[in-house]
Protein chains: 2
Amino acid sequence: MSTTPTTDWLRLDQQICFSLNAASRAFGGVYRVVLKDLGLTYPQYLVMLVLWEHGDLPVKKLGEHLRLDSGTLSPLLKRLEAAGLVRRERSARDERSVEVRLTEEGTAMRERALQVPRRIATATGLDVDEIRALRARLDDLTTALDAAVAEEMGAGR
Amino acid sequence: MSTTPTTDWLRLDQQICFSLNAASRAFGGVYRVVLKDLGLTYPQYLVMLVLWEHGDLPVKKLGEHLRLDSGTLSPLLKRLEAAGLVRRERSARDERSVEVRLTEEGTAMRERALQVPRRIATATGLDVDEIRALRARLDDLTTALDAAVAEEMGAGR
DNA sequence: CACAATTCGATTGCGCACAACTAAATAGCT
DNA sequence: AGCTATTTAGTTGTGCGCAATCGAATTGTG
């Protein structure tokens with residue numbers, strides 16, 4: 001099927017990474033439109049989802065749920081605080097920790113956010129089972145990629 | 001299967017977008033390790049791939065291949081130029097256009113880049129057919145998402 | 001108790017992505 | 001020719017993602 005294997009490899013490579021990247025950015029575009037009413041960006045929306053589901057959390061726990069570190073979360077949370085959706089309070093029993101708490105306004109926003117998932121799901125053009133299947137594949141891929149990075153780190157190269 | 005449909009929707013929604021986002025960032029981590037030897041970031045690597053495949057191109061064409069605009073490409077290309085991999089020259093017959101040309105060094109880098117795709121493919125833990133299938137799903141998803149954004153823009157939600 | 005190691009968050013710096021705008025050149029129309 | 005609209009890069013500003021570093025607090029150990 002190929003007379004120039006090196007070129008084929010380069011092109012195949014591009015297609016995997018590029019497709020994923022493109023899909024991710026296309027999703028970003030949809031969320032940008034859908035979340036405009038709420039005044040949230042997509043990562044901010046993810047933070048709100050976690051808080052709505054799990055209640056108040058320290059920054060560390062929030063980061064574990066979202067796979068994000070403080071370098072990303074600190075400024076993001078300040079913007080959410082400036083928007084009046086969240087308060088940040090140092091924990092009393094561990095002064096290193098900062099508790100992120102929903103304000104009344106932040107809690108109230110959940111009602112308005114309930115319409116978001118349907119609109120996103122519609123935009124994907126996929127049904128529930130297809131979404132589930134795709135999600136499973138992507139999670140497996142993420143696991144494999146993370147493991148590969150961990151190996152490279154440990155084994156040098 | 002669910003007694004609280006709204007909550008289920010929120011969680012399903014989170015899982016789709018989040019899984020995609022996580023996979024994209026996990027890919028970034030792998031590329032960061034693999035491209036370290038070449039001194040390229042992942043988007044810079046994509047630009048080099050396009051140039052290796054299509055030869056010299058104006059910024060506009062480059063952006064069409066990569067779905068990126070000048071706001072992203074201009075500084076990126078300046079960094080590639082500073083690294084000596086690329087030259088930017090205003091077109092003689094259309095002064096608005098800037099041709100991006102590979103330098104000898106940039107052309108030579110292709111040889112070293114040939115090892116990258118194999119290492120990435122290995123990291124995914126997928127075989128060629130699985131990669132192809134996943135790519136097709138992601139491309140379909142991107143198409144659907146782009147169409148949805150276009151509709152929202154046109155129909156005003 | 002004293003000291004070292006760890007944890008947690010914030011900050012800084014760099015690069016990407018995108019929107020909005022500017023400037024320059026070209027194309028098209030009258 | 002003259003005027004307008006379009007095309008093409010570039011610039012600015014905002015926000016995310018990540019690495020590296022710092023300071024403060026806590027924990028572990030002798």
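Numbers restart at 1 for each chain; the letters A, B, ... are given by sequence-line order, proteins then strands.
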### Task
For A:Arg32, check side-chain contact (heavy atoms from CB on, under 4.5 Å) against everything at least two apart and list the hits.
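Result, side-chain contact (heavy atoms from CB on, under 4.5 Å) vs A:Arg32: none returned.
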### Residue-phosphate contact under 4.0 Å: A:Lys78 side-chain N/O, C:dT11 OP1/OP2
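Answer is yes, contact under 4.0 Å.
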### Query
Quick one: is C:dG15 close enough that its OP1 or OP2 comes under 4.0 Å of any side-chain N or O from B:Arg32?
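For C:dG15, neither OP1 nor OP2 has a side-chain N or O of B:Arg32 closer than 4.0 Å.
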### Message
Can you pull out every ring pair (Phe, Tyr, Trp, His ring centres under 6.0 Å) where at least one residue sits in residues 63-115 of chain B? Sequence neighbours excluded, please.
### Response
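Applying ring pair (Phe, Tyr, Trp, His ring centres under 6.0 Å) to every pair that reaches into residues 63-115 of chain B, excluding sequence neighbours, yields B:His54-B:His65.
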d([atom1], [X]; [atom2], [N]) in whole Å:
| X | N | atom1 | atom2 | answer |
| --- | --- | --- | --- | --- |
| A:Leu77 | D:dG15 | CG | P | 14 Å |
| A:Lys60 | C:dT6 | NZ | C1' | 11 Å |
| B:Leu66 | D:dA9 | CG | P | 13 Å |
| A:Tyr42 | D:dT14 | OH | P | 24 Å |
| A:Leu76 | C:dT11 | CG | P | 14 Å |
| B:Leu40 | C:dG15 | CG | P | 12 Å |
| B:Leu62 | D:dG10 | CG | P | 11 Å |
| A:Glu99 | C:dC8 | CD | P | 12 Å |

### Message
Using a 4.0 Å heavy-atom cut-off, does B:Pro75 contact any base of the nucleic acid, only the sugar-phosphate backbone, or nothing at all?
### Response
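Nothing: the residue B:Pro75, judged by heavy atoms under 4.0 Å, touches no strand.
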### Task
Looking at every strand, decide which applies to A:Leu73 at a 4.0 Å heavy-atom threshold: base, sugar-phosphate, or nothing.
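Answer is nothing: A:Leu73 stays at 4.0 Å or more from every strand.
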### Query
Heavy-atom contacts under 4.0 Å between residues 89-98 of chain A and DNA chain C, which residues?
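Those residues are A:Arg90, A:Arg96, A:Ser97, A:Val98.
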### Task
Check for a donor-acceptor pair, side chain of A:Glu130 on one end and backbone N or O of A:Asp127 on the other, with a separation under 3.5 Å.
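Yes, because the side chain of A:Glu130 sits within donor-acceptor range (under 3.5 Å) of the backbone of A:Asp127.
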#### Entry: Distance-minimising heavy-atom pair for B:Ser91 and B:Glu99
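For B:Ser91 versus B:Glu99, the nearest heavy atoms are CB-CG, 4.4 Å.
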### Nucleotide of C:dG15, D:dG10, C:dC18 approaching B:Ser74 most closely (side-chain heavy atoms)
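The listed nucleotide nearest to B:Ser74's side chain is D:dG10.
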### Query
Of all the choices, C:dG9, D:dA9, C:dG15, which nucleotide is nearest to the side chain of B:Ser70 once you look at every atom?
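Closest of the options to the side chain of B:Ser70: D:dA9.
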### Task
Sort and list the pairs that fulfil salt bridge (Lys or Arg N to Asp or Glu O under 4.0 Å) and have at least one residue in residues 48-59 of chain B, not counting sequence neighbours.
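Listed once each, the pairs are A:Arg11-B:Glu53, B:Asp56-B:Arg101.
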### Query
B:Tyr31: what forms a ring-ring contact (aromatic ring centres under 6.0 Å, His included) with it, not counting sequence neighbours?
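In terms of ring-ring contact (aromatic ring centres under 6.0 Å, His included), with neighbours along the sequence ignored, B:Tyr31 is linked to B:Phe27, B:Tyr42, B:Tyr45.
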#### Entry: Residue pairs involving residues 138-148 of chain B (criterion side-chain hydrogen bond (donor to acceptor under 3.5 Å, both in side chains); sequence neighbours excluded)
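Those involving residues 138-148 of chain B are A:Ser19-B:Asp139, B:Arg67-B:Asp146, B:Arg135-B:Asp139.
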### Comparing A:Lys61 and B:Leu68 on DNA chain C - which has the more 5′ nearest nucleotide
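The 5'-side residue here is A:Lys61.
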